[in-house]
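Report on the following structure.
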Amino acid sequence: MRNPMQHLCGAHCRTTGLPCQNFQMPNGRCRMHGGKSTGRPIKSGQFTALVQRDRRMLRELNRQIRELVAAL
């Protein structure tokens, strides 16, 4: 039995159109409808920058190798 004083999530289901019957968290939604997400991970931008730096370094090394092979 549910506590009538506790609010429900209320997000609408795509398939049935009925409101969600889970209890809401302090942010107003349940754990399945945006309760715990903080957004995109911050690390992904740093990872992309590291990969780009590594690719630049590898391109430079490949260029140097091609120049050495051509000189031989």
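Heavy atoms only: backbone and side chains are in, while hydrogens, waters and symmetry mates are out. All of these numbers come straight from a predicted model, not from anything done at the bench.
R59 CZ to R56 CZ: the interatomic distance, rounded to the nearest 0.5 Å, is 7.5 Å. In this structure, R53 CZ and R55 CZ are separated by 13.0 Å, a value rounded to the nearest 0.5 Å.
R63 meets the side-chain hydrogen bond (donor to acceptor under 3.5 Å, both in side chains) test with E60, E67; sequence neighbours excluded.
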